[in-house]
Amino acid sequence: MSDELRRNLALFPIGIVQKLTELTPRQIRYYEQHQLIQPARTAGNQRLFSFNDVERLLEIKKLIDQGLNMAGIKKMMGDQAVPTELPVTEKAQEEAQKVKDLTDQELHDLLKKELILRGRPGMPGSLIQGELSRFFH
DNA sequence: ATTCTTACA
DNA sequence: TGTAAGTA
């Protein structure tokens with residue numbers, strides 16, 4: 001499976017994303033309203049976020065902390081968020097299910113690994129730089 | 001127990 | 001943004 005697809009798999013419910021990003025569910029939903037992210041939905045209408053969504057939220061958080069408003073953030077990130085793909089395959093749904101049994105430590109390590117993986121090719125990924133330090137505790 | 005939408009101090 | 005209400 002391609003990394004691109006893997007990063008877009010709908011795996012995390014909002015509660016986990018809250019822990020991973022330190023953002024409140026209120027904020028996360030608000031950013032979705034402003035089309036900064038487009039998480040997938042389960043049959044029961046519950047949001048499922050992908051690694052890409054989480055990483056995007058970390059960037060948003062960074063910009064918010066720097067005092068930008070929605071307009072400013074949209075301008076910085078471009079306001080076209082790629083919709084997270086639904087866990088259509090049986091395999092994908094199993095992965096999403098596994099996530100629920102991971103400890104907070106395991107979840108943070110998983111995200112850290114993802115951030116490092118992404119930060120490879122390019123230079124000091126504008127976002128990755130600061131956010132990454134938080135996972136090196 | 002979690003999450004969702006809507007509405008308002 | 002926080003939070004309460006009523007659901008799913």
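Bear in mind that the values here come from a model prediction, so they are computed numbers and not experimental data. Below, each value reflects all heavy atoms present in this structure, side chains not excepted, and no hydrogens, waters or symmetry copies. A, B, ... follow the sequence lines: proteins, then strands. Residue 1 opens every chain.
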Take the protein atom [atom1] of [X] and the nucleotide atom [atom2] of [N], then report the distance between them rounded to whole Å.
{"X": "Asp65(A)", "N": "dT1(C)", "atom1": "CG", "atom2": "P", "value": "9 Å"}
{"X": "Arg29(A)", "N": "dA7(B)", "atom1": "CZ", "atom2": "C1'", "value": "14 Å"}
{"X": "Lys19(A)", "N": "dT3(B)", "atom1": "NZ", "atom2": "C1'", "value": "14 Å"}
{"X": "Gln33(A)", "N": "dC4(B)", "atom1": "CD", "atom2": "C1'", "value": "12 Å"}
{"X": "Arg26(A)", "N": "dG2(C)", "atom1": "CZ", "atom2": "C1'", "value": "8 Å"}
{"X": "Leu68(A)", "N": "dT1(C)", "atom1": "CG", "atom2": "P", "value": "12 Å"}
{"X": "Lys100(A)", "N": "dA1(B)", "atom1": "NZ", "atom2": "C1'", "value": "13 Å"}
{"X": "Tyr30(A)", "N": "dA7(B)", "atom1": "OH", "atom2": "P", "value": "17 Å"}

Q. Is there a path from Ile60(A) to Leu111(A) through hydrophobic residues (I, L, V, M, F, W, Y) whose side chains come within less than 4.5 Å of each other?
A. yes

(Q) Need the pair for dA8(C). Rule: Watson-Crick or G-U wobble, both distances under 3.5 Å, any strand; none if unpaired. (A) dT2(B)

Any base atoms under 4.0 Å from [X], or only sugar-phosphate, or nothing? Heavy atoms, all strands.
{"X": "Gly44(A)", "result": "nothing"}
{"X": "Ile64(A)", "result": "sugar-phosphate"}
{"X": "Arg47(A)", "result": "sugar-phosphate"}

Should [X] be listed as having a side-chain N or O under 4.0 Å from OP1 or OP2 of [N]?
{"X": "Thr24(A)", "N": "dG2(C)", "answer": "yes"}
{"X": "Gln27(A)", "N": "dT1(C)", "answer": "yes"}
{"X": "Arg41(A)", "N": "dT5(B)", "answer": "yes"}
{"X": "Tyr31(A)", "N": "dT1(C)", "answer": "yes"}

Q) Taking for each residue the nucleotide of DNA chain C with the nearest heavy atom, is it Met70(A) or Gln46(A) whose nucleotide lies nearer the 5' end? A) Met70(A)

Q. Taking side chain as C-beta onward, heavy atoms only, is Leu102(A) less than 4.5 Å from His108(A)?
A. no

State plainly whether the residues [X] and [Y] are in salt-bridge range, i.e. N to O under 4.0 Å.
{"X": "Arg6(A)", "Y": "Glu95(A)", "result": "no"}
{"X": "Arg29(A)", "Y": "Glu32(A)", "result": "no"}
{"X": "Lys61(A)", "Y": "Glu22(A)", "result": "no"}

